[in-house]
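Chain letters run A, B, ... following the sequence lines, proteins first, then strands; residues in each count from 1. Values below: every heavy atom of this structure, side chains too, minus hydrogens, waters and symmetry copies.
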Number of protein chains: 2
Amino acid sequence: MSLPHAILTALMEKPSSGLELTRRFDRSIGYFWSATHQQIYRELGRLEEAGLIRALPSEVPVRGQKKQYEVLDAGSAELARWVGESQDPKAIRDPLLLRIRAAAVVGPHGLAAELRRHLELHRRQLAVYEAIEERDFPPGRDSDEDRLRRLVLHGGTGLETFWLRWLEEALAEVEDMT
Amino acid sequence: MSLPHAILTALMEKPSSGLELTRRFDRSIGYFWSATHQQIYRELGRLEEAGLIRALPSEVPVRGQKKQYEVLDAGSAELARWVGESQDPKAIRDPLLLRIRAAAVVGPHGLAAELRRHLELHRRQLAVYEAIEERDFPPGRDSDEDRLRRLVLHGGTGLETFWLRWLEEALAEVEDMT
DNA sequence: GGGAGCATGTAATCAGTTACATGATTTT
DNA sequence: AAAATCATGTAACTGATTACATGCTCCC
């Protein structure tokens, strides 16, 4: 149940409408927890129902009109509770690793090209994270909030870096076979 | 659509019944693509329906009786096709990273303990992978199949190692705040 | 023959995805 | 006023998870 908490976090950072949230997910929180606008609208409805957020009353809540949401105290409390909750890490679930394993039984035909493609995609994603780091976290004194956000970003760069190294190794192995 | 291919791979490695597959998923393929027995039975039904696998006719197919499945040529061909298919890597989707981000807005209360717990879990998982490596891939001349399977395992150890390092960094940051 | 556990399966629910619908606003 | 696009939403479907049901085998 991470999506509601992702939305609460985004709304605490800045009250927003559904579409604004969708945009922000696309370029920020979504790097670690993606969501489509349909998911977001549905979840906003549930969160409002549950009394964790409310629509700002300023605007008329008609279809096609912007509706701004803000987090209520109950929502903020729920988020704080969730931060310290005990949740086991999810097991790895990666189709590419699975495909390598399949390649071990049916042969690695077509795999090298796919590995090269992934390599390029991960290079790009790493560049995206590094650009954000440079833009949002210039060297200097950080607040606690900034240190935590930088830590998240550093998780992203670390993961991409890992995949780059592993893909290079994998490509070398596969090219050596064919 | 990875589960059917995970099952095809497992069945090509060794024809099995539903429960045997479940067991093997728990200690081998499942490290990279987990599945419950309900998923597996349902998928076996679909794969048989689609003509990619068949139940070995030796046993009577009654409820409560073992039913062994084997992969047909169509299944093997489908698996080979899938290996070279173009599939974008999934975006990162990690609740822990999300929680750190939430901690930046509501405070890191309870987070340090959770990070320590995750550290311990990842240490254990890494130990599991290393034990498998030692048992199944002793140093020496490897066949192509072994090299590919070792590569998959190396993905697992690499990921766990990454998380260990990142968690240590995260813990140092969080402990420095409280 | 009664209970433990093995083996296969059904049903309900839920999160996520894809396709589509509709009202409002802006642009030409 | 027509077209584009912004903004919110509904509906249908798929994959994964949880809970439960049922038949078989083995062992005391």
Side-chain angles (χ1 to χ4, degrees), chain A residues 1-8 10-11 15-26 29-50 53-56 58-69 82 87-95 98, chain B residues 1-8 10-11 15-26 29-30 32-50 53-56 58-69 82 87-88 90-95 98:
Chain A
M1 295 246 309
S2 296
L3 179 59
H5 299 96
I7 291 178
L8 286 173
L11 285 181
S16 306
S17 68
L19 193 66
E20 282 164 359
L21 274 179
T22 305
R23 298 270 153 76
R24 290 171 55 204
F25 265 72
D26 282 348
I29 288 208
Y31 289 137
F32 309 105
W33 199 273
S34 65
T36 63
H37 70 116
Q38 290 86 345
Q39 276 179 282
I40 288 171
Y41 284 119
R42 201 178 353 158
E43 204 60 47
L44 282 172
R46 285 179 195 161
L47 287 168
E48 189 175 21
E49 179 91 14
I53 64 174
R54 66 163 185 178
L56 289 180
S58 53
E59 323 259 351
V60 231
V62 197
R63 202 187 177 107
Q65 295 280 108
K66 275 199 187 187
K67 218 194 289 183
Q68 297 276 133
Y69 289 93
W82 181 73
Q87 272 184 272
D88 284 354
K90 306 286 296 178
I92 301 170
R93 210 147 217 272
D94 190 288
L98 210 53
Chain B
M1 296 249 306
S2 296
L3 179 59
H5 299 95
I7 291 178
L8 286 173
L11 286 181
S16 306
S17 68
L19 193 65
E20 282 163 0
L21 273 179
T22 305
R23 299 268 153 76
R24 289 172 54 203
F25 264 72
D26 282 348
I29 289 208
F32 309 106
W33 200 273
S34 65
T36 62
H37 71 116
Q38 289 86 347
Q39 276 179 281
I40 287 171
Y41 284 121
R42 194 168 10 143
E43 204 60 48
L44 282 171
R46 286 181 196 158
L47 287 168
E48 188 176 22
E49 179 91 14
I53 64 175
R54 67 164 184 178
L56 289 181
S58 52
E59 322 260 350
V60 232
V62 197
R63 201 185 179 108
Q65 295 279 106
K66 275 199 187 188
K67 219 194 288 184
Q68 296 275 131
Y69 289 94
W82 181 73
Q87 271 185 277
D88 284 354
K90 305 286 295 177
I92 302 171
R93 210 146 216 272
D94 190 289
L98 209 53

**Student:** Among dT17(D), dG9(C), dA16(D), which nucleotide sits nearest the side chain of H37(B)?
**Tutor:**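 Comparing dT17(D), dG9(C), dA16(D) against the side chain of H37(B), the answer is dG9(C).
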**Student:** Could you state the atom-to-atom distance from CG of L19(A) to P of dG23(C) in whole Å?
**Tutor:** 18 Å
**Student:** Write down the distance between CZ (R93(A)) and P (dG15(D)), rounded to a whole number of angstrom.
**Tutor:** 12 Å
**Student:** Are E43(B) and R46(B) ion-paired here, with the side-chain N under 4.0 Å from a carboxylate O?
**Tutor:**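 So E43(B) pairs with R46(B) through a salt bridge.
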**Student:** Can you tell me how far the CG atom of L21(B) sits from the OH atom of Y41(B), to the nearest 0.5 Å?
**Tutor:**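 Reported value, rounded in 0.5 Å steps: 9.0 Å.
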**Student:** Atom CD of Q38(A) to atom C1' of dC20(C): distance rounded to whole Å?
**Tutor:** 10 Å
**Student:** Does R46(B) put a side-chain nitrogen or oxygen below 4.0 Å from OP1 or OP2 of dT14(D)?
**Tutor:**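 Answer no for this pair, as no side-chain N or O of R46(B) is under 4.0 Å from OP1 or OP2.
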**Student:** Using atom CD1 of I7(B) as one end and atom C1' of dG15(D) as the other, report the distance to the nearest whole Å.
**Tutor:** 12 Å
**Student:** Give a yes/no answer on whether the side chain of Q39(B) brings an N or O atom under 4.0 Å of OP1 or OP2 in dT17(D).
**Tutor:** yes
**Student:** Whole-Å distance between dG9(C) C1' and Y69(B) OH?
**Tutor:** 11 Å
**Student:** Strictly below 4.0 Å: does R42(A) bring a side-chain N or O up to OP1 or OP2 of dA15(C)?
**Tutor:**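 So the side chain of R42(A) is outside the cut-off, no N or O lying under 4.0 Å from OP1 or OP2 of dA15(C).
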**Student:** Check whether any side-chain heavy atom of W82(A) sits under 4.5 Å from a side-chain heavy atom of M1(A), and report yes or no.
**Tutor:** no
**Student:** Roughly, in whole Å, what's the span from CZ in F25(B) to P in dA7(C)?
**Tutor:** 17 Å
**Student:** To the nearest Å, how far apart are E43(B) CD and dT17(D) P?
**Tutor:** 13 Å
**Student:** Does R23(B) put a side-chain nitrogen or oxygen below 4.0 Å from OP1 or OP2 of dA7(C)?
**Tutor:**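 Result: yes.
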**Student:** For dG9(C), does either OP1 or OP2 sit under 4.0 Å from a side-chain N or O belonging to Y41(B)?
**Tutor:**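 So the side-chain polar atoms of Y41(B) never come under 4.0 Å of the phosphate oxygens OP1 or OP2 of dG9(C).
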**Student:** Does any non-hydrogen side-chain atom of Y69(A) lie less than 4.5 Å from one of L8(A)?
**Tutor:**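 No, every pair of side-chain atoms sits at 4.5 Å or beyond.
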**Student:** Please classify the nucleic acid contact of S17(A) as base, sugar-phosphate, or nothing, using heavy-atom distances under 4.0 Å.
**Tutor:** sugar-phosphate
**Student:** dA7(D) P sits how many Å from E20(A) CD, rounded?
**Tutor:**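 Going from CD in E20(A) over to P in dA7(D) covers 8 Å.
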**Student:** In the structure I gave you, are the side-chain heavy atoms of Q68(B) and S17(B) within less than 4.5 Å of one another anywhere?
**Tutor:** yes
